[in-house]
Structures are given as structure tokens and as C-alpha cells.
Amino acid sequence: MPLIEPDKKYKLKYNNDLNYIPMPKLKGRQQDLFFAVLSQIKEKKDSQGFLKNFFDKEKRKLTIPYAEFVKICRIDDWNRNFTEIWYEIKDFLDILTSFKIEYQTQFRYYNFVCFEEAMHDTQEQTINITFQSRFYDMIVNYKYGFTSFELSEFISLESKYSKILYRLLKQFKYTGYFKIEWQEFCNLMQIPKSYNQSDIDKQILKPAMNELSKSRILDEQERTPFKNIKYDKIKGCGRGRGGKVIGIEFTFDKETKETTNKRQTRNSKNLITKHIEPNLDLYIGKLISTEFGNARILNAEKHNNDKIKVTYSLTKSNEIKFELFNSITELEREIEYMQEKIKETELSKSAFAKLNDLTKRKKINQ
């Protein structure tokens, strides 16, 4: 079962067809989770042959360590407790397994789910997702073009409409121009049918323009998703003030491959020079002894005054609690103490088993 590849965790690349498929109605954070999952798909290897790529079930199964999932999706920024996050992830996985694609050609009608199964394993601390074969093949087939962008920039957007428009425009980042038929645009953007043109401008397009043209600091750099972005509605011939809207076009400063490469180079340098913080995710899943009984660590994070806040689940009752540790050293002592207790228990069981076996043998000999 393949684990994620660290060098790809913040990059996203998928077939352009996905931009024009009606997506499930995902909230902003759920879109972050969805595309974080897509960012972890392994690319097809042409040397393996088409049929093997299409039907190799193990290759379509994705296992993401929960700690990595938290990092990729920036779940720590949600300001939610563990239980709330657990239910939000559960709702998201429910949406994944109900997401299906419907389309028809002249002679055929197609209908298939996109994900075969999805599981949050709290014991193994993993997110496990299996892609349906047709959907997987469609996503990783880059032969006829692909869309790519950095996941951190996508996640930094707040509005769900900004996120959808961001994906549509990123396909044309090297041309700086995007044009689409109006009804298709409304469907892809999931604009409520009750909205009139004024509502769409006020509630969706203008806020999205502001957010997509706003500078932000990402990876220690100032970034602007789309500079000088503008939109213009295209109207057909008709009476009154210009006729019915039949399309929309967007213009923005195009991105060059040279600027993309420079940004990636700067990102690499930042990773090298950045201060290395202790990796608290290494403690997730470890057993510790608490005043309430034995427990398994669910999350560890920095707290005020450099303390360590540890969220854990009691092994007997599954009750969620948290505790503050003064330092990593103190936390490690508790983990080591628990490991010693486990060893002692195992030795006692082994000694008892040997004694019991010896007693049985004596009875038989008598």
C-alpha cells in the first residue's frame, strides 16, 4: 500500500477535464481536503502498460498518515478541537464516496462513483482512500493537457467561489485569458439559480476578484494569485440594455515558466535555511500513562510559553482529553515510562506462562 511522497505533498497536478466536471457541493475547507487528496496521487508509469495502470487496484489506493494530512490541509489553522475535526473529516469522506460522474455521448450514458472507499483509521492514524479506476485514469492522464498549482496558495483562499474560479483560471496561467459560455460557467461555479446578474456581481464575482488579486505571504514570500485580473460579461444581440449575457471572459497578467521556476528555486532555498522545529508529529500514536489511565496520543502541538499540548484518547473508554507538558523531554519521559510498564507487563505474563506450564508438567509427571 503506497504512502505519500514527501516531495510532492504541496504540488497539485491533474487532467484538465476535472475543471469541467460538476463537482459535489463542497464548502471551502472541504475543497481543501479534496484537492489535498488529489495532490497525493502517484503519476502513471507508462512502462507498466495501459491495462496494468488502469486495473492495478493497489496503485489506486492511497494511504496518508494523519499527521501529514494535518500538515497538507493546514488543519491546525481551523481553530477546532479534535472531536470537531474528526466529524468534519468524516463528513468529507462521506461526500467522497457519494461523488459520482454522469455524462452521455450519442449512443451511451455513463454513471460511476469516483471513490470506492474512504476510511479514517484512528488506531493506525491514517487516512485511506481508494480511487475508482475510471476516475483515477482520468485524473492522471496528462496527454491532452493538465492543470497545476501549489496547494498552499489554493488553501489560502477563503471563499468557495474563489477556489473554483482559481482552478479554472490556473489552466490558462500561461496565456492570461479565459473565456467560457455563461450557463456552463454558472454550473461549474455552483451559482444559485435564484441569483440575478446583480447578485452574481455583488456576491460572487467582485469578492472573488478582490481575493484573487490580493497579495499574501506564503512560504516566506509575497504572492498574488492573479495580478491585474478583470472580467467582462459577453452579451448577445437583443433589445434593451445590451441583451442577454451569453458568456464571460477573464484577463490577467500571464505567468511565465521562468517566474514559476524562480519561485520554486526560492522555495527550495527557504526549506534549507528555515529553522528546524522539533517534529511533534512523531509522538502521534504513542502510548502514555496519565492520571486517568493509559492513553494513546492523537495530537501534539506547541502551546503558550513553549509548552506542549497533547491530546489523547483513553484506551479503555476512548474519552478524549488533553494535558500540558513543560517540555518535549517531559513528554518523552512519560512515553518511556509507559514503554517500561509494557515491557514489565509482558515479562510478568511470560514468567507466569512459564510457571503455569511448569506446574502442568509436574502434575502430568505425578
Side-chain angles (χ1 to χ4, degrees), residues 1-5 8-9 11-66 68-69 72-73 88-122 124 126-149 151 154 160 163-164 167-168 170-171 184 187-188 190:
M1 189 180 295
L3 290 173
I4 62 173
E5 297 178 44
K8 283 188 177 184
K9 68 171 75 172
K11 304 291 180 184
L12 188 60
K13 183 179 179 181
Y14 57 81
N15 186 304
N16 286 335
D17 288 347
L18 183 64
N19 290 329
Y20 302 98
I21 290 175
M23 298 286 289
K25 292 185 178 180
L26 300 171
K27 299 174 184 177
R29 278 207 293 257
Q30 290 173 338
Q31 288 192 53
D32 296 343
L33 296 174
F34 181 85
F35 287 98
V37 168
L38 290 196
S39 74
Q40 302 306 307
I41 298 179
K42 290 180 177 292
E43 294 184 25
K44 288 200 309 180
K45 294 181 181 179
D46 295 334
S47 59
Q48 291 182 332
F50 174 77
L51 287 179
K52 188 170 183 180
N53 284 329
F54 197 83
F55 294 109
D56 182 3
K57 186 174 181 180
E58 276 303 303
K59 192 185 62 178
R60 293 186 285 104
K61 186 174 290 186
L62 186 67
T63 299
I64 309 177
Y66 181 74
E68 291 293 331
F69 194 66
I72 296 166
C73 304
E88 188 145 356
I89 292 176
K90 177 186 177 298
D91 291 342
F92 166 68
L93 296 180
D94 287 342
I95 291 172
L96 276 193
T97 51
S98 61
F99 175 32
K100 65 180 182 179
I101 290 177
E102 301 178 58
Y103 68 95
Q104 66 182 71
T105 63
Q106 184 177 0
F107 301 107
R108 292 183 177 88
Y109 167 73
Y110 294 87
N111 184 325
F112 57 84
V113 295
C114 297
F115 300 91
E116 292 179 2
E117 59 181 28
M119 175 177 66
H120 178 189
D121 190 330
T122 54
E124 295 295 328
T126 56
I127 304 291
N128 306 295
I129 295 169
T130 302
F131 291 77
Q132 195 267 1
S133 57
R134 286 182 182 272
F135 183 63
Y136 174 85
D137 191 64
M138 183 192 75
I139 293 297
V140 300
N141 184 357
Y142 309 137
K143 185 176 180 181
Y144 299 108
F146 60 85
T147 299
S148 64
F149 51 82
L151 189 64
F154 178 80
K160 74 170 189 175
K163 290 177 184 289
I164 298 173
R167 290 192 296 105
L168 293 172
K170 273 296 179 179
Q171 181 179 338
E184 183 179 12
N187 291 338
L188 293 175
Q190 299 178 357

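It should be emphasised that the depicted structure is a prediction, and the values quoted were computed from it without experimental measurement.
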| said: With a 3.5 Å distance limit and no angle check, can you tell me whether Gln190 reaches the backbone of Met23 through a side-chain donor-acceptor pair? | reply: yes

Apply side-chain contact (heavy atoms from CB on, under 4.5 Å) to Phe35 and Arg167, showing your working. CA-CA 10 Å; Phe35 287 98; Arg167 290 192 296 105; 3.1 Å; yes

- Query: For the residue pair Phe135 and Phe99, does the interplanar ring angle fall in the parallel (under 30°), tilted (30 to 60°) or perpendicular (over 60°) class?
  - Reply: perpendicular

Heavy-atom side-chain proximity of Leu12 to Leu38 below 4.5 angstrom: yes

Between the CZ atom in Phe131 and the CE atom in Met138, the distance rounded to the nearest 0.5 Å is 10.5 Å

Across all chains, not counting sequence neighbours, the salt bridge (Lys or Arg N to Asp or Glu O under 4.0 Å) partners of Arg29 are Glu88

Residues passing the side-chain contact (heavy atoms from CB on, under 4.5 Å) test with Phe146, sequence neighbours excluded, are Lys13, Tyr142, Ser148

side-chain contact (heavy atoms from CB on, under 4.5 Å) filter on Gln171, not counting sequence neighbours, yields Asn16, Asn19, Tyr20, Thr147

Fill in: Flag side-chain contact, heavy atom, 4.5 Å: Tyr136 against Leu62
no

Residues passing the side-chain contact (heavy atoms from CB on, under 4.5 Å) test with Asp121, sequence neighbours excluded, are Met119, Gln123, Glu124, Thr126, Asn128

Contacts of Asp94 meeting side chain to side chain donor-acceptor pair (under 3.5 Å) (sequence neighbours excluded), chain-then-number -> Lys90

Shortest non-hydrogen pair, Ser39 vs Leu151, comes out as OG-CD2, 4.0 Å

When rounded to the nearest 0.5 Å, the distance separating CD of Gln132 from CD1 of Ile139 is 11.0 Å

Sorted by chain and number, sequence neighbours left out, side chain to side chain donor-acceptor pair (under 3.5 Å) with Lys27 holds for none

When Leu96, Ile129, Thr130, Leu93 are each screened for side-chain contact (heavy atoms from CB on, under 4.5 Å) with Glu117, the one that passes is Thr130

To the nearest 0.5 Å, atom CZ of Arg60 lies from atom CZ of Phe115 at 11.5 Å

One should read off an interatomic distance between Phe154 CZ and Asp32 CG, to the nearest 0.5 angstrom, of 6.0 Å

d(Leu18 CG, Cys114 SG) to nearest 0.5 Å is 8.5 Å

Closest heavy-atom pair, Val37 versus Phe69, reported as atoms and distance to 0.1 Å, is CG2-CE1, 4.2 Å

**Item:** Flag side-chain contact, heavy atom, 4.5 Å: Tyr66 against Ile89
**Value:** yes

Sequence neighbours excluded, the answer for side-chain contact (heavy atoms from CB on, under 4.5 Å) partners of Ile95 is Pro24, Leu26, Gln30

Checklist entry - Parallel, tilted or perpendicular: which fits the ring planes of Phe149 and Tyr14, with parallel below 30° and perpendicular above 60°? => result perpendicular

